[in-house]
Asker: 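I have a structure I would like to understand better, so I am pasting it below and will then ask my questions one at a time.
Below, chains carry the letters A, B, ... as their sequence lines are ordered, and counting in each starts from 1. What you see is a predicted model; the values in this text were computed from it and never measured.
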Amino acid sequence: MSPLARYALKRILLLPVMLFLVATFAFLLVTVLPGDPATLIAGDFASKDALAKVRADLGLDQSLWHQYTSYLGSLLHGDLGESFFTGSSVTDEMARRLPSSMVIIVPSLLVAVLLGTAIGTLGGYYRRKPVGRSTSVLISGIQGVPPFFLAIVLIDLLVFELRIFPTPTGMLYASTQRPPERTGSVVVDAFLAQDWGVLGDVAAHAILPVASTGIFLASYFAKTVRTSVTQALSTPQIEFARGCGLPERQVVRYALLTSRTSVLTYIAILFGVMLGASAIVEVVFSWPGIGGWALDGVLKGDLPVIQGFVVVTGLIVIVAYVVLDVLVAALDPRISY
Amino acid sequence: MTESRILQVEALRVAFETRQGTVHAVNGVDFDVRPGDVLGIVGESGCGKSATLRAIAGLTQPPGEVTGGSVRFADRELVGLSRRSLRQVLGKDIGFISQSPFGALNPILSIEAQFRNVIRAHRRATKRECREIALRALTDVGIAGPDRVLGGYAHQLSGGMAQRVVIAMAMVHDPRLLLADEPTTALDVTVQRQILDLVTGLIAEAGRSMVLVTHDLSVVAQYCTRVLVMYAGRPVEEGTVRQVFKSPRHPYTQALLAAVPRVGEEIRGLSGGLPDLIDYPVGCPYAERCPRATALCAEEMPAMASCVPGRAAACHHPLEEVASYAAS
């Protein structure tokens with residue numbers, strides 16, 4: 001087995017341990033949150049008996065330890081419990097909503113990486129020229145505009161004024177024929193049914209939320225790329241490359257290679273951030289993702305929803321970091337593992 | 001006469017814009033390099049020797065800028081050339097080697113990939129041809145097992161090996177002129193000699209020329225044919241190594257030679273420091289540290305004056321020629 005494969009395996013074997021820690025954290029988080037779930041469900045004026053009945057139904061009359069073990073037990077079976085208010089399974093809800101969120105998050109990051117790297121490279125390469133100086137204004141400008149504001153401006157301009165994009169009311173047109181339901185997620189179902197029409201409709205609806213999120217995130221990549229390209233261009237390595245007569249595009253490529261690790265790290269970090277922070281854009285575009293749903297759960301005090309959200313997004317983030325570590329190790333020959 | 005000069009540097013000036021003001025790093029440097037010459041440029045840190053070398057290769061880093069003068073390589077003016085035109089010359093006709101081999105090599109690309117980029121910068125070659133050229137170049141610089149080196153990365157090499165790889169890359173297109181900026185400073189002493197033997201050997205072999213920037217006078221004595229002594233961005237003395245070392249005419253050269261440590265003797269350093277390069281002195285920049293300085297020195301900048309062709313010094317009160325030299 002190659003050293004890299006062994007390293008990857010070691011990191012993967014650690015995953016269950018980390019998931020266990022996340023699950024425990026999510027459980028403790030909910031128990032220390034203020035408020036009584038029974039009161040939440042039964043209402044402020046419920047009788048003592050009614051409250052006791054709700055508690056018994058939820059298992060809240062058991063000891064904390066018992067609650068914890070039964071929570072872990074159902075977690076092992078993929079059961080995240082049911083929403084206090086809708087009664088729907090949290091696992092099903094997440095399976096339905098997560099792919100929709102990914103339709104925004106993944107392309108946004110892709111747009112952000114490409115756009116940010118382009119802006120950052122220009123800024124670093126021409127840092128003493130007007131072009132370079134204007135990129136730093138651009139970066140600060142983008143960073144100063146929150147994505148939801150950009151989204152509202154784009155909606156007003158491109159949807160209501162110019163009528164280029166569909167109205168921000170979810171992923172589909174009212175007239176879209178839904179694919180046969182298999183997993184509950186429209187995106188996955190359409191994919192399984194190879195229904196390109198539906199996927200096309202989703203894509204048309206996704207452009208604006210992806211653009212407004214991607215442009216905002218691009219500022220982070222632009223900043224880190226600009227810094228590392230600027231630094232790299234003054235190193236002996238670049239001097240030697242130029243001294244050997246390498247064309248400038250190669251010189252820039254050499255400079256960009258040094259920023260690869262920090263770009264990858266930002267992708268993983270921002271991916272994690274977006275899982276939690278996609279809520280605002282989802283609300284603006286009425287997008288049926290996990291962000292808006294989780295936010296709703298938090299505001300209502302819907303504990304299983306909060307718990308499920310923390311566990312699932314935590315798991316995804318942990319996996320993303322493992323992928324990041326393995327990728328970084330694979331791409332940089334200096335890292336030994 | 002022009003054909004016999006491969007490199008002509010005239011009145012070269014380099015300045016760095018800083019917040020405190022303009023630093024005049026190189027203030028009018030003239031010299032020629034003929035085929036077969038190994039010219040050593042010496043001087044203490046900050047005398048502008050590295051800045052001169054970079055200006056020749058068009059590698060001056062902002063905020064530095066070549067503010068005047070001319071660099072003619074094989075009768076082609078290099079100052080003011082676009083990066084695109086310059087890169088046709090660099091690596092092909094002029095090779096460049098810098099101080100730290102590990103700094104010069106890309107840490108992420110394999111040695112083979114870097115070789116391929118350098119080779120393809122100036123000629124078309126397939127992957128296989130590149131590999132063959134690289135293997136030959138590595139063998140020429142005395143690397144045993146070039147196969148293994150090609151497949152590896154910079155961090156896996158020792159300092160001496162890495163510098164050999166750098167030299168092989170810089171010379172893969174057989175440049176007529178090699179510019180080397182303290183190529184052995186980062187290496188330990190035993191390896192230094194090997195590397196310098198190697199480079200000067202490669203230069204002599206094909207009648208190439210080299211400009212070697214160093215602060216090590218023993219390196220100049222052993223490996224160079226001519227020497228240019230610089231002080232505060234100006235040349236103060238020039239001549240063959242024999243002439244300059246045997247009978248220095250400029251008091252600075254004399255002080256520099258006297259400062260070379262010898263076994264059994266007390267180390268004699270130079271007193272004082274470099275003049276302010278922002279508010280550059282009107283007179284001789286060395287006047288403040290010079291035991292022979294007079295009122296004239298503080299008022300008027302001495303020009304490079306030659307007594308014998310190819311030998312010059314910039315001093316109002318040069319040291320006398322030693323009789324034994326005049327005879328030789």
Asker: Quick one: sort the Tyr220(A) and Tyr266(A) rings into parallel, tilted or perpendicular, breaks at 30° and 60°.
Answerer: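 Geometry flag for Tyr266(A) against Tyr220(A): tilted rings.
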Asker: By a 4.5 Å heavy-atom criterion (distance strictly below it), what part of Gln114(B) contacts chain A: side chain, backbone, both, or neither?
Answerer: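 Contact with chain A is through both the backbone and side chain of Gln114(B).
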Asker: Report which part of Val166(B) has an atom under 4.5 Å of a heavy atom belonging to chain A: side chain, backbone, both, or neither.
Answerer: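 Looking at Val166(B), backbone and side chain both touch chain A.
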Asker: Between the side chains of Thr22(B) and Glu17(B), is a donor N or O closer than 3.5 angstrom to an acceptor N or O?
Answerer: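 Yes, Glu17(B) and Thr22(B) have a side-chain donor paired with an acceptor closer than 3.5 Å.
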Asker: Hey, are the side chains of Ile97(B) and Gln163(B) touching, using non-hydrogen atoms and a 4.5 Å cut-off?
Answerer: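 Sidechains of Gln163(B) and Ile97(B): in contact.
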Asker: Which bit of Ala104(B) is near chain A, if near means a heavy-atom gap under 4.5 Å: side chain, backbone, both or neither?
Answerer: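 Contact with chain A is through both the backbone and side chain of Ala104(B).
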Asker: Need one label for Pro63(B): side chain, backbone, both or neither, based on atoms under 4.5 Å from any heavy atom in chain A.
Answerer: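 The answer is both parts of Pro63(B).
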Asker: One thing to verify: whether Asp332(A) and Arg260(A) come together as a salt bridge, which I'm taking to mean a side-chain N less than 4.0 angstrom from a carboxylate O.
Answerer: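 The answer is no: the pair does not qualify as a salt bridge.
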Asker: So which of Arg128(A), Gln250(A), Arg127(A) has the biggest tally of heavy-atom pairs under 4.5 Å with chain B?
Answerer: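 When all of Arg128(A), Gln250(A), Arg127(A) are compared, Arg128(A) has the most.
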Asker: Which atoms of Ile238(A) are under 4.5 Å from chain B, going by heavy atoms: the side chain, the backbone, both sets, or neither?
Answerer: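 Neither part.
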Asker: Among Leu179(B), Leu109(B), Ile94(B), who wins on heavy-atom pairs under 4.5 Å with chain A?
Answerer: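 Highest number of heavy-atom pairs under 4.5 Å: Leu109(B).
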Asker: At their closest point, which heavy atom of Leu256(A) faces which heavy atom of Thr121(A), and how far apart are they?
Answerer: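 Shortest heavy-atom contact: CD2-OG1, 3.6 Å.
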Asker: Do Ser70(B) and Gln8(B) have side-chain atoms, one donor and one acceptor, less than 3.5 Å apart?
Answerer: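 No - no donor-acceptor pair under 3.5 Å links their side chains.
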Asker: Side chain, backbone, both or neither: which part of Arg54(B) has a heavy atom under 4.5 Å from chain A?
Answerer: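 The side chain, not the backbone.
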Asker: With chain B as the partner, which of Pro236(A), Gly243(A), Pro333(A), Ser234(A) has the greatest number of non-hydrogen pairs under 4.5 Å?
Answerer: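 Maximum pair count with chain B is reached by Pro333(A).
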Asker: Atom CD1 in Ile318(A), atom CG in Leu14(A): separation rounded to 0.5 Å?
Answerer: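 Between Ile318(A) CD1 and Leu14(A) CG, I get 10.5 Å after rounding to 0.5 Å.
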